[in-house]
2 protein chains.
Amino acid sequence: MKQKYNLIANELRRQNIRLSHLRKKVLEYLCQNPNHPTVDEIYVKIHKEVPNLSRTTIYNTLHILIKAGLLRLINIEDNETRYDIATQNHGHFKCEECGAIFDFNIDIDSFPIKELTGFKITDKNVYFKGVCPGCLLNIKNDN
Amino acid sequence: MKQKYNLIANELRRQNIRLSHLRKKVLEYLCQNPNHPTVDEIYVKIHKEVPNLSRTTIYNTLHILIKAGLLRLINIEDNETRYDIATQNHGHFKCEECGAIFDFNIDIDSFPIKELTGFKITDKNVYFKGVCPGCLLNIKNDN
DNA sequence: TTTAAAAATTGTAATGATTACAATTTATTA
DNA sequence: TAATAAATTGTAATCATTACAATTTTTAAA
């Protein structure tokens with residue numbers, strides 16, 4: 001958590017992007033909650049400590065982090081955008097029962113795709129959907 | 001094109017989903033334009049032939065096809081939802097310069113992910129982003 | 001063929017996330 | 001301390017999608 005925060009803080013400094021008080025808060029939240037939060041989840045939490053916080057600030061900060069290559073935007077459902085500070089090579093599984101998102105390791109680079117030779121690839125995403133073991137159990141028990 | 005249309009029409013019949021005049025139009029469009037259209041692209045085209053067409057009808061039809069497992073919703077950007085009638089196992093590459101989406105073959109099932117044992121997986125998606133060869137060439141020539 | 005019920009379609013209004021932007025506040029530098 | 005730049009706020013606009021009641025069309029039965 002703390003290591004990741006420091007790594008990102010350093011990278012921002014290197015890119016001459018100021019880490020203001022509110023941006024620190026957002027970055028702390030993202031590092032402490034790597035559970036792919038929505039904008040609203042971030043806003044509601046920080047708003048408790050900073051009552052006159054604007055949603056626009058959250059959007060601004062997230063956009064800056066994305067532009068700096070330090071945050072990844074996750075599009076699984078078309079009506080909810082989520083953010084992921086863990087930028088290692090991994091996929092996402094979304095449970096359609098409880099809504100939780102699970103990370104899983106997958107080395108996408110190990111499949112060279114010959115149809116994409118000559119393409120410049122800057123971003124690779126894998127996401128699965130289905131039902132997680134916990135919800136599968138609940139569904140069974142309900143019957 | 002025609003084969004795919006017939007396959008889907010049969011499956012709809014099997015599921016007791018009526019293929020009305022407008023639904024036929026939408027399905028024809030999707031089969032003839034497997035280039036991952038947006039709702040608006042579909043609407044604008046069919047609206048030319050059917051002037052008093054409602055957008056809601058397009059949404060309804062697409063939802064019905066998705067529910068029947070015959071259409072796939074693609075979320076790459078968070079502000080544009082696209083639809084894909086080709087349901088074979090393939091990935092999508094989106095060019096961030098020209099916006100085009102390219103299909104590529106990838107056999108996702110060939111990577112068993114041990115972290116997801118016990119999960120019920122119903123949907124697997126892979127998408128990449130970057131710049132396509134055509135746009136790479138244009139960028140080079142502009143300099 | 002006529003009629004009643006069911007399904008499809010329309011069109012308007014509501015929703016809700018995101019963005020635009022001008023005004024204000026805060027931080028930085030000379 | 002003053003001048004400048006950057007960050008933040010808050011309201012209004014945008015835009016895709018959904019909700020829903022009214023209307024039209026289709027289906028199936030009498």
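Basis for what follows: all heavy atoms, side chains included, without hydrogens, waters or symmetry-related copies. Chain naming here is simple, since letters A, B, ... match the order of the sequence lines and numbering starts at 1 in each.
Aromatic ring orientation, H90(A) versus H36(A): tilted (interplanar angle from 30° to 60°).
Here the P atom of nucleotide dG16(C) and the CD atom of E77(A) are 17 Å apart, to the nearest Å. Look at CD on E80(B): it is 15 Å from C1' on dT18(C), rounded to the nearest Å. Between R13(A) atom CZ and dT28(C) atom P there is a gap of 13 Å when expressed in whole angstrom units. Per the geometry, CZ belonging to R82(A) stands 16 Å off C1' belonging to dT18(C), to the nearest Å. Taking atom CG on N16(B) and atom P on dA7(C), their separation rounds to 11 Å, with Å as the unit. Between the P atom of dA14(C) and the CG atom of N79(A) lies a distance of 21 Å, rounded to the nearest Å. The nearest whole Å value for the distance from the CG atom in L22(A) to the P atom in dT25(C) is 15 Å.
Between E11(B) and R13(B) no salt bridge is recorded (no basic side-chain N to carboxylate O distance below 4.0 Å). For E80(B) and R82(B), the salt-bridge test passes: some basic side-chain N is under 4.0 Å from an acidic carboxylate O. Between K94(B) and D123(A) there is no salt bridge, since none of the side-chain N atoms of the basic residue sits less than 4.0 Å from a carboxylate O of the acidic one. Classification of E77(B) and K129(B) as a salt-bridged pair holds, one side-chain N sitting under 4.0 Å from a carboxylate O. Classification of R55(B) and D40(B) as a salt-bridged pair holds, one side-chain N sitting under 4.0 Å from a carboxylate O.
Between T81(B) and H21(B), it is T81(B) whose nearest contact on DNA chain D lies nearer the 5' terminus. Nearer to the 5' terminus of DNA chain C, by closest-nucleotide assignment, is the contact made by S20(B) (compared with the other of S20(B) and D40(A)).
Near-neighbour residues of DNA chain D inside residues 47-66 of chain B, defined by a heavy atom below 4.0 Å, number-ordered: T56(B), Y59(B), H63(B).
A 4.0 Å heavy-atom criterion places the boundary nucleotides of DNA chain D facing chain B at dA16(D) to dT27(D), written 5' to 3'.
Side-chain polar atoms of H92(A) and N125(A) form no donor-acceptor pair below 3.5 angstrom.
Taking the six-membered ring wherever Trp is involved, the centroid distance between the rings of F93(B) and Y127(B) does not fall below 6.0 Å. You'll find the ring centres of F128(B) and F104(B) inside the 6.0 Å limit.
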